[in-house]
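These notes concern the structure reproduced below.
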Amino acid sequence: MALARVNAVIVGAGAAGGIVAKELAEAGLTVVLLERGKWYTAFDCRKDDLRNQRTSLLGCSFGPDDDRYRRVVVGPDGQERIVAPSEGAYNNNAACVGGGTFSYGAMGWRYLEKDFRMRSTYGAVAGSTLEDWPISYQDLEPYYTKAEWEIGVSGDDTKNIFKGPRSRPLPMPPPPPSREHLILKAAAERLKLHAFDIPMLRNTVQYNGRGACMRCRWCVGFACEVDAKCGTHNTVIPRALKTGNCTLRTECVAKEILTNGQGWVTGVAYFDERGRLQEQPADLVVVSASATETPRLLLNSRSRLFPNGLGNRYDWVGRNLQGHAYSGAYGLMETDTYDDLGPGASIAICDYNHGNPGLVGGAMLCNEFIRLPIQFAMLRPPGVPRWGAAHKDFMRHFFNRCIAVHGPVQEMPVFDSRVQVDPRVVDGWGIPVARLSGARHPQDLEVANYISGKAAAWLKEAGAITTWPKLPGQGLSGGQHQAGTCRMGNDPRASVVNRYCQVHDMANLFVVDGSVHVTNGGFNPALTIMAVAYMASEHIVQTWKGTRMRG
Amino acid sequence: MQVAVVGAAAGPIVSCVGTSNPWRCLIEDEARTLEALVDRIIPADQDPGAAWAGVANFIDRQLVGPYRRLQKTYRQGLTGTNETSAAMFGKRFPALSREQQDEVLRALESGQVSGKSWKQLPAKQFFDLLVSHTMQGFYGDPRHGGNRERVSWKMLRLPFPPVRGRMQDDLTKTS
């Protein structure tokens, strides 16, 4: 039986979905926000180093669970494997209200101007679908600013000479520097690099009615115990609910998007928290389920008119899956550098994002978040045995004397790195699961090598007695930075949505999340996902006022 | 068949053995072998080793929890270790000298072992798993049954008690 009709259904209460819900609800539309996970709060912070979203050895603390979720991953050798969310190959992102923003490290980066014009800057790259965004940095700037002020960003990028112009400074100052920060800052100055304080979606002062970061060591992968990390769960989603126009339904798993005989979207079918199939009719549908789950839902929504799924007339849905080819170096120091001041990551440079000789793109470089003992136990320089007395000695001697510098290498989009739906395997609700296949572009590994060398040089200048590289593998990339699978573009034959995140040829269906990113920058993508969500929401609200989007 | 995987194996979580055994999954004999193994992976020196830290307890506990899919792997691996020990030195693993135990471990690590248990389970695969789980039990949070008295965290000079916020004491919120 169908539920009462609403103006909009949004699938996914993450970085983008939460913002769209708030913008639409405040504009007077009635909204149902569907979220497959639960609504956790700061009280759910367990500080469990073996069970969290970063080190999910004993499971993911904020979902999805290993019992009901699975994916099929096809290796480079063609071997298929069924993987659970706690395994790396699943390429997981949290399933809860706030999505990844509930437990992320909370870097709040703006992409650079060139990141939106990769094709114009570098030309065509063989084996890649590299393209410009249909929007520019300038188009997105007002929405970056809105995200920084509404969600809350601290930091200081005035020393970053590579950044695009900003209309407003960041609302909060950076936290006081840690010991590691000071060491790296001095070294960067000697190397004539332009180091600055990372913009973070984290309160460093009282802001938005919540307190400041208390500098604990459990940050990335964990819930913030004092609610100082800013996500959609503690900013825009409560505001959406406060309007009275938005209903949040948790533990609801979308099955398919419903369409009628005229090709209009009519609502969403989903399984509710008790496993009952429900149909929610709506005037428009926004899919904000992440770059893996969004294409899965579109591809699972097949009908006579759309035999290949929605938005997929030209076979672009699920293509160009990108994450980041993280690359960098570890350095061992002579004296203690660890001072137990979280979150750890605090200083960055953008000197190597572009203009690297002979290479396309690059990466921001920054120091790593705090490495908990179990995380430190999983890395070691070449020559140190991985077990026995020597390994224990290494742990004891260097745990407090190791600095890691790394960065997210911008990946070249590859048409055959993709999300499909598996023809056989289904999840706990009987819905066909995502099937991931493909590999990184060889160029990514070249850039990664180069970036790793730059990281090592920074560490050596900082006094490292030994450095060793951290390099990505050739395998498929997605993970928490997953993007690209429903590309934004002006040409309906070579993209899935237009510049307003509206699916080509479908007036009342929108994709708003990392899926629309044409390229994924050399940065953590959260703030860009948020800015695009604000921009798309504005368009939806304006269009709504004229047409009400009914077929 | 492929569909059934992850959840199906779960069922009600029960111990695999009788109630007189203090271990949850392992039998006494297996547990002794496991303790001896983990204590060579992280041996005692000026700081306690993995056996004292309760790493075998950690592994045993996860084998009826998140690692229940690995019960058979551990059974085969522990049996195989004793077979290899017997083939190399004529005794079961816990009875060997430390030097002999390290030699057996190096044999497992390199995969240069024979014995019928290793036909189904490559020795190297078991060894990789064992090293990884030993690290988790020793350096991970004590709440999971290892890292007794935060022994590894003390060894690493991690400040304790850690910084904690005050939200968990907020009594103005209900439920």
Side-chain angles (χ1 to χ4, degrees), chain A residues 41-43 45-51 55 57-59 65-70 72 80-86 211 214-218 224-228 336 338-342 372-378 386-389 391-393 395-396 399-400 422 424-428 433, chain B residues 1-10 38 40-47 49-50 58 61-62 65-67 69 98 102 105-106 109 127-128 130-141 143-144 146-147 150 152-153 155-160 162-168 170 173 175:
Chain A
T41 71
F43 292 83
C45 177
R46 294 284 175 266
K47 303 198 169 193
D48 184 341
D49 54 9
L50 299 181
R51 183 181 160 80
T55 315
L57 295 160
L58 300 183
D65 60 80
D66 279 5
D67 292 336
R68 294 176 298 176
Y69 290 89
R70 59 205 66 127
V72 174
E80 290 180 22
R81 203 158 65 84
I82 298 176
V83 295
S86 63
M214 63 170 182
R215 317 292 304 271
C216 83
R217 73 178 82 112
W218 298 268
C224 178
E225 187 183 7
V226 293
D227 218 12
D336 284 7
Y338 181 68
D339 56 5
D340 204 36
L341 271 184
L372 299 169
I374 180 61
Q375 293 160 343
F376 192 72
M378 295 193 278
R386 63 177 172 147
W387 61 279
H391 181 262
K392 192 180 179 191
D393 255 343
M395 289 290 296
R396 190 162 38 212
F399 176 72
N400 293 289
D422 194 83
R424 291 184 311 281
V425 182
V426 295
D427 65 12
V433 304
Chain B
M1 184 55 222
Q2 290 193 53
V3 182
V5 272
V6 206
V38 299
R40 291 318 297 155
I41 291 168
I42 303 178
D45 46 19
Q46 68 263 42
D47 294 298
F58 165 83
R61 195 153 133 185
Q62 306 319 316
Y67 293 156
R69 65 182 184 280
R98 287 175 188 172
D102 285 353
L105 279 180
R106 278 191 287 273
E109 185 177 22
F127 183 81
D128 289 349
L130 191 65
V131 169
S132 160
H133 291 176
T134 304
M135 296 297 158
Q136 293 169 26
F138 190 75
Y139 293 108
D141 197 298
R143 81 185 77 189
H144 297 295
N147 198 1
R150 310 185 317 279
S152 70
W153 296 355
M155 174 182 109
L156 300 179
R157 296 181 284 128
L158 259 188
F160 189 86
V163 183
R164 296 305 301 254
R166 295 167 64 181
M167 275 194 68
Q168 71 267 39
D170 185 349
K173 303 216 171 145
S175 74

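A note on names: the letters A, B, ... follow the listed sequences, proteins ahead of strands, and every chain is numbered from 1. Quick note: numbers below take in every heavy atom, side chains included, and nothing from hydrogens, waters or symmetry partners.
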Interchain contact, A:Tyr338 with chain B, by part (heavy-atom threshold 4.5 Å):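 Contact with chain B: side chain only.
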Between A:Asp336 and chain B, with a heavy-atom cut-off of 4.5 Å, which part of the residue counts as in contact: side chain, backbone, both or neither?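 A:Asp336 touches chain B through side-chain heavy atoms alone.
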Does [X] come within less than 4.0 Å of [Y], counting only side-chain N to carboxylate O?
X	Y	result
A:Arg217	A:Asp49	no
A:Arg70	A:Asp427	no
B:Asp45	A:Lys392	yes

Quick check on [X] against chain A: is it the side chain, the backbone, both or neither that has a heavy atom closer than 4.5 Å?
X	result
B:Arg98	neither
B:Ala44	backbone
B:Asp102	both
B:Gln136	both

So, A:Trp387 versus B:Glu109: side-chain donor-acceptor pair below 3.5 Å or not?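 On atom types as modelled, these side chains qualify, holding a pair under 3.5 Å.
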Just jot down the side chain to side chain contact (heavy atoms under 4.5 Å, CB included) partners of B:Arg143, sequence neighbours excluded, or say none.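 Counting only residues at least two positions away or on another chain, B:Arg143 forms a side chain to side chain contact (heavy atoms under 4.5 Å, CB included) with A:Arg46, A:Lys47, A:Asp48, B:Asp141.
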Using a cut-off of under 4.5 Å for heavy-atom pairs, which of B:His133, B:Arg40, B:Met155 has the most such pairs with chain A?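 With the most close heavy-atom pairs to chain A, the winner is B:Met155.
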